[in-house]
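Quick caveat: nothing in here was measured; it's all calculated off a predicted structure. Below, all heavy atoms of this structure are taken into account, side chains as well, without hydrogens, waters or symmetry copies.
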Amino acid sequence: MNAPLNHPLLMLDPDVLRSFVAIAETGSFTAAAARIYRTPSAVSMQIKRLEEQLGVSVFLRDARNVSLTHDGEVLLGYARRLIALNREAISRFVTSEVSGVVRIGSPSDYGEAVLPGVLKLFAKSHPSVVVDVVIDQSSSLLKRFASGHLDIALVSCMKNHTPTPEEVVMTDEIVWAGAKGGQACLMDPLPVSMWDEGCVWRESALSALDRVGRAYRVAFMTSHMAGQRAAILADLAIAPMGRNFVGPDIQILDENCGLPAPGQYELLLKVAADPSPQVCALSDHFRAGFERYNQSGSFDAQAL
């Protein structure tokens with residue numbers, strides 16, 4: 001039976017909620033523990049206490065997998081909102097003495113869709129922090145991050161190929177995008193618009209076409225989302241992109257058009273070891289932004 005609403009234990013601990021979200025996102029107690037720097041046994045005890053507090057089971061467990069129950073799915077939405085609100089409250093008050101420089105890197109798609117909203121809010125709460133931004137492919141950003149030239153990096157990785165531990169802030173489906181009513185998808189060989197070498201979307205999409213034996217030619221090459229959209233809208237080519245980036249002026253082309261599904265990818269938030277206060281503050285803004293996105297389903301600046 002559920003505990004009464006005035007039960008003294010019914011104050012959800014943000015640390016426990018972070019552990020719960022980490023398990024839900026990684027599908028593993030072990031991977032979640034590595035992400036939040038706790039032991040698997042400590043994380044397991046947190047979830048046990050959480051389930052006792054709420055009087056429900058939040059995970060289904062077997063020998064290999066961990067998945068959310070219906071109650072767990074409901075709690076996940078609340079947990080993400082509570083964590084985001086907690087971070088927002090802290091950043092509102094504990095910011096006055098934070099200064100310095102933060103170097104961040106992002107692919108162009110997220111640079112256009114995510115950075116404006118996050119950096120606008122960060123500039124208001126941390127006016128003394130200077131932010132340097134690099135827009136590049138994920139493969140190049142990983143090299144910059146590894147060499148210490150970036151403090152924070154947003155990078156894409158194919159789902160199920162993510163190194164452990166990593167912080168996954170979003171999972172999305174790669175889809176084929178074409179002009180509404182366009183004819184490019186009917187051509188043979190198929191004209192495709194591609195990002196530069198090293199792009200996760202490119203590698204996955206071309207592998208999918210090779211797998212089904214669909215002939216194609218690279219008709220347009222770009223490293224920016226604006227160029228990709230221009231090729232699609234002109235019906236010069238179709239292109240792989242994240243479902244989250246398909247706007248109302250573009251249609252998704254599915255297997256009915258003879259196009260194989262390229263798969264899913266994950267967006268990782270990489271933060272330098274021993275981060276400075278300003279790096280911690282901006283990385284928390286990114287986390288809060290993606291937690292809000294996971295609720296709103298929009299990259300609109302107001303949602304972030």
Side-chain angles (χ1 to χ4, degrees), residues 2-59 66-98 114 117-118 121-122 124-126 152 164-171 267-296 303-304:
N2 290 350
L5 292 179
N6 61 353
H7 194 286
L9 292 180
L10 288 181
M11 293 291 291
L12 297 176
D13 185 338
D15 285 335
V16 175
L17 293 179
R18 277 191 286 270
S19 297
F20 166 72
V21 171
I23 297 167
E25 291 178 346
T26 63
S28 163
F29 277 70
T30 301
R35 178 193 289 189
I36 61 177
Y37 304 103
R38 290 180 179 271
T39 64
S41 60
V43 170
S44 181
M45 287 299 298
Q46 285 183 315
I47 299 305
K48 181 180 179 181
R49 289 197 299 271
L50 176 64
E51 290 180 327
E52 290 174 349
Q53 275 187 298
L54 299 180
V56 298
S57 295
V58 294
F59 289 115
V66 176
S67 59
L68 289 166
T69 63
H70 173 72
D71 289 314
E73 292 279 2
V74 174
L75 178 61
L76 183 60
Y78 286 114
R80 283 172 168 158
R81 292 203 298 274
L82 288 169
I83 291 170
L85 184 60
N86 182 66
R87 286 172 173 155
E88 181 179 326
I90 291 175
S91 67
R92 171 63 178 80
F93 295 101
V94 190
T95 61
S96 58
E97 297 182 1
V98 177
V114 178
V118 171
L121 293 177
F122 183 72
K124 289 181 178 179
S125 61
H126 296 77
I152 299 172
T164 300
E166 291 285 2
E167 184 172 359
V168 179
V169 290
M170 195 195 75
T171 300
L267 186 69
L268 312 181
L269 175 66
K270 299 184 72 68
V271 181
D274 300 320
S276 64
Q278 61 267 27
V279 172
C280 289
L282 183 50
S283 60
D284 275 346
H285 270 258
F286 276 113
R287 293 184 183 102
F290 279 102
E291 283 161 2
R292 288 175 180 172
Y293 163 75
N294 288 329
Q295 293 302 314
S296 68
L304 293 173

For Ser67, side chain to side chain contact (heavy atoms under 4.5 Å, CB included) partners two or more places apart: Leu60

Can Phe290 and Leu267 be said to form a side chain to side chain contact (heavy atoms under 4.5 Å, CB included), step by step? CA-CA 10 Å; Phe290 279 102; Leu267 186 69; 3.4 Å; yes

Not counting sequence neighbours, which residues clear side chain to side chain donor-acceptor pair (under 3.5 Å) with Arg287? List them please. Glu167, Ser283, Asp284

Would Asp71 and Leu54 satisfy side chain to side chain contact (heavy atoms under 4.5 Å, CB included), going step by step from the backbone distance to the final call? CA-CA 10 Å; Asp71 289 314; Leu54 299 180; over 6 Å; no

Can you give me the closest heavy-atom contact between Val168 and Glu25, atom names plus distance? O-OE1, 3.3 Å

In the structure I gave you, are the side-chain heavy atoms of Leu50 and Gln53 within less than 4.5 Å of one another anywhere? yes

Taking only residues two or more places apart in sequence, or in another chain, which ones meet Asp13 in a side chain to side chain contact (heavy atoms under 4.5 Å, CB included)? Asp15, Val16

Looking at CE of Met170 and CG of Leu268, how far apart are the two atoms once the value is rounded to the nearest 0.5 Å? 10.5 Å

For residues 40-47, which side-chain N or O atoms pair as donor and acceptor with protein atoms under 3.5 Å away, sequence neighbours left out?
from, atom 1, to, atom 2, distance (Å)
Ser41, OG, Thr39, OG1, 3.2
Gln46, OE1, Ser19, OG, 2.4

Test of understanding: with side chain to side chain donor-acceptor pair (under 3.5 Å), list the residues that count as partners of Glu51, not counting sequence neighbours. none

Going by side chain to side chain donor-acceptor pair (under 3.5 Å), name the residues that satisfy it together with Ser57, two or more places apart in sequence or in a different chain. none

Among residues at least two apart in sequence or on other chains, which ones pass side chain to side chain contact (heavy atoms under 4.5 Å, CB included) with Leu82? Leu12, Leu17

Residues forming a ring pair (Phe, Tyr, Trp, His ring centres under 6.0 Å) with Phe20, sequence neighbours excluded: Phe59

Nearest 0.5 Å, please: how far is NE2 in His126 from CG in Leu282? 8.5 Å

Rounded at 0.5 Å granularity, tell me how far CD in Glu73 sits from CG in Leu76. 6.5 Å

What pairs with Thr26 under side chain to side chain contact (heavy atoms under 4.5 Å, CB included), at least two apart in sequence or on another chain? Ser28, Ala31, Ala32, Arg35

Please list all pairs meeting salt bridge (Lys or Arg N to Asp or Glu O under 4.0 Å) that have one or both residues in residues 269-282, counting only residues at least two apart or in different chains. Glu166-Lys270

Test side chain to side chain contact (heavy atoms under 4.5 Å, CB included) on Leu68 and Ile23 and set out the steps. CA-CA 9 Å; Leu68 289 166; Ile23 297 167; over 6 Å; no

